[in-house]
Student: 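Here it is, the structure in full.
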Amino acid sequence: AGSDLAAVRTRAVPDGANYRLFGQKIFITYGEHDFASNIIHMVLARIDGAPPGVKGISLFIVPKFIPDAAGEPGVRNDVQCLSIEHKLGIHASPTCVMAFGQQDGAVGYLVGEPNRGLEYMFVMMNAARLSVGLEGYAVAERAFQQAAEWARTRIQGKPPVAAPAGPVPIIHHPDVRRMLLSMKSQVEAMRALGLYAAYQLDLGGGHPDEATRVAAQARGDLLIPIVKGWSTETGIEVASTGIQVHGGMGFIEETGAAQALRDVRITTIYEGTTAIQANDLIGRKVGRDRGAAIGALLADMARELGAIDSGEASVQVAKQAALEGVTALREAVATILDAMANSPDRAFAVSVPFLKLCGYVMGGWLLARSADVAARRLAAGDADREFLAGKLASARFYADQVLPQAGALSRVVTRGAASVLEVDPALL
C-alpha cells in the first residue's frame, strides 16, 4: 500500500491468545540478515472484522523465531524473505520483500489494544523521522569533508587573481571556495536545527515544569517534519555539490564521491516523502493549533535575534538576513493558515516550498546565534580561533548566498498555488 495505510491488506486472524498474520510487506530494511539471533518485525495488519480505513489497523510483533519457554529463539515463524531489492544506493543494506503466512500464518503478538496500531506506530515514526533527518545531515557532512580534503590536495589551474605561481590546489579557485562554503554552511545549519529539535524533545520528556514540558514537546513535534524534510533535501544538494567539487573524478567510482549522492537519495523517501512531511507540517503542526506553536517559535527567534548586539560585521550580516527571513516566514505562515481555513488545496499545493522556507529561515537564525557566540569568544581571547573564525565565515556566507532563497520561497508560498491547481492533469 505504500504510504496509503488505509489500504493495508495484511490480515490478522485470532488464534487463542495471539494471532496468525497473512500478507506481504515491501521495502523492509534488514528484513532478513544473520547479524542477530532473532529479528523482530513490527507489522501493521487488520484483524478480521475490523473497521475499514486507518481506524481498523492494529500493530503486531512478529518474530523470525518464536521464543521458547526460556525466551530464546525457538522454532522458525512463518515469515520469509522473498527477494532483496536492487537499489540506486545503500547497497550494503538489504531491502527485503517479506511474506507473512505462506503456510499456517505467522504468529503475531498484539501491541496494546486492537485498532490503535497507527497511533502506536507514530510514536516510532516520529523518532525515525528525526533519525532520517540526521542521516541526511550526516551524509552531507561526510560529502563536505571529502570534498574539502580533495580541494586542498588536487592541483589544477591558476586562479584569475594573485596566487602562488603555477598550478595550485583547487581550493584557491573562487568557485570551488564558493561550493565548499555552500556545503559547510548548510551542513552546520542542518546540524544546529537537528540538535535544537532534539533538545526540545528532551525538555518535553524530562523538564520538571509541566508548562515547559508541554511547550517544548509542541515545538519538538513542529520541528520533526522540518528536520526530516529539509535536511534530507539539502543533504542531496550538498552531496551533489561534492561531486562537482571533485570535477570529472567525482563521476568516477574510485573517489567515492558518487556513493554519497546515491546513498543519501533515499532519505527524502524514507519514513514518508518530503511531501508527506510537508503535509504533516501544515496539517497537523501548523493548521491544527492555528499557528500557535510556530508563532511562539517565530516570536522567540525575533527576540533572540534582536538581542544580538555584537559589532562584528559577519554577525550583523547574519542577524539582518535572519530577521528578514523571519519576516518572510511569518507572512508565509499567515498565507498557509488562511488557505487551511478556506481552501486547503491551496496550502497543500505549496506545502513543500513552505517546509523548505522553514528550514532555511530556522537555519539562518541558528547560524546567526552561533556567529554571535563565536564573536564573543574570539573577543575574549579564546584560543580556538580558526574554528571560531570558521563559524563567522559560515554564517556570513549562509546569510549572503543561501538565505536569500527564503524570499523566493515566500513568494512561491504566497502566490504560487494557483499555477498548480488550475492546470488540467491531462496537460502534464
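Note that the structure is predicted; figures quoted are calculated from it, not measured.
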Student: Please indicate whether Arg76 has more than 12 foreign heavy atoms, meaning atoms of other residues, nucleotides or ligands, lying under 6.0 Å from its CZ.
Tutor: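 More than 12 heavy atoms, drawn from other residues, nucleotides or ligands, come within 6.0 Å of this atom.
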Student: Within the structure provided, determine whether Arg219 and Tyr196 are in side-chain contact (heavy-atom separation under 4.5 Å).
Tutor: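 Yes, their side chains come closer than 4.5 Å.
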Student: Can you tell me how far apart CD (Gln316) and CZ (Arg396) are? Round to the nearest 0.5 Å.
Tutor: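 Gln316 atom CD to Arg396 atom CZ measures 11.5 Å (nearest 0.5 Å).
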Student: If I take atom CD from residue Gln80 and atom CD from residue Gln24, how far apart are they, to the nearest 0.5 angstrom?
Tutor: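 These two atoms lie 12.5 Å from each other.
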Student: Is it true that the side chains of Ser394 and Glu188 contain a donor and an acceptor less than 3.5 Å apart?
Tutor: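 Distance-only check passes for Ser394 and Glu188.
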Student: Would you call Arg20-Asp104 a salt bridge at under 4.0 Å N-O?
Tutor: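 Salt bridge between Arg20 and Asp104, a charged N being under 4.0 Å from a carboxylate O: no.
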Student: Can a salt bridge be assigned to the pair Arg377 and Asp384 using a cut-off of 4.0 Å between side-chain N and carboxylate O?
Tutor: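 Not counted as a salt bridge, because no side-chain N and carboxylate O are separated by less than 4.0 Å.
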Student: Between Arg262 and Glu253, is there a side-chain N and carboxylate O pair less than 4.0 Å apart?
Tutor: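 So Arg262 pairs with Glu253 through a salt bridge.
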Student: Tell me whether Gln244 at atom CD has more than 12 heavy atoms from other residues, nucleotides or ligands lying less than 6.0 Å away.
Tutor: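 Check fails, neighbour count at 12 or below.
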Student: What's the spacing between Glu233 CD and Thr274 OG1 if we round to 0.5 Å?
Tutor: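 The OG1 atom of Thr274 is 3.5 Å from CD of Glu233, to the nearest 0.5 Å.
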Student: What's the separation between atom CD1 in Ile236 and atom OG1 in Thr268, rounded to the nearest 0.5 Å?
Tutor: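 Result: 4.0 Å between the selected atoms.
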Student: Working to the nearest 0.5 angstrom, can you tell me the gap between Arg376 CZ and Glu312 CD?
Tutor: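 Spacing of CZ (Arg376) from CD (Glu312) equals 12.0 Å.
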Student: Test Phe60 against every option in Tyr109, Phe100, Tyr19 by the ring-ring contact (aromatic ring centres under 6.0 Å, His included) rule and name the one that passes.
Tutor: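 For Phe60, the ring-ring contact (aromatic ring centres under 6.0 Å, His included) test succeeds with only one of Tyr109, Phe100, Tyr19, which is Tyr19.
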Student: So, for Gly108 and Leu21, which heavy atoms are closest and what is the spacing to 0.1 Å?
Tutor: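 That closest heavy-atom pairing would be CA-CD1, 4.1 Å.
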Student: How close do Arg152 and Ile171 get, counting heavy atoms only, and between which atoms?
Tutor: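 In this case the closest contact between Arg152 and Ile171 is CG-CD1, 3.9 Å.
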Student: Would you verify whether the NZ or CZ of Arg284 falls within 45 degrees of the ring axis of Phe122 while also being under 6.0 Å from that six-membered ring's centre?
Tutor: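 Yes, cation above the ring, under 6.0 Å and within 45°.
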Student: How long is the gap from OG1 on Thr267 to OH on Tyr270, to the nearest 0.5 Å?
Tutor: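 Answer rounded to 0.5 Å: 9.0 Å.
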Student: Can you say whether the rings of Tyr30 and Phe35 are parallel (under 30°), tilted (30 to 60°) or perpendicular (over 60°)?
Tutor: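 Because their plane-to-plane angle lies in the 30° to 60° range, the rings of Tyr30 and Phe35 count as tilted.
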Student: Take a 6.0 Å sphere around CZ of Arg411 and say whether it holds more than 12 heavy atoms from other residues, nucleotides or ligands.
Tutor: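 No - once you tally the heavy atoms of other residues, nucleotides and ligands closer than 6.0 Å, there are 12 at most.
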Student: Could you report the tightest heavy-atom contact between Gly56 and Ala50, atom names first, then the distance?
Tutor: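 Closest heavy-atom pair between Gly56 and Ala50: O-CB, 3.4 Å.
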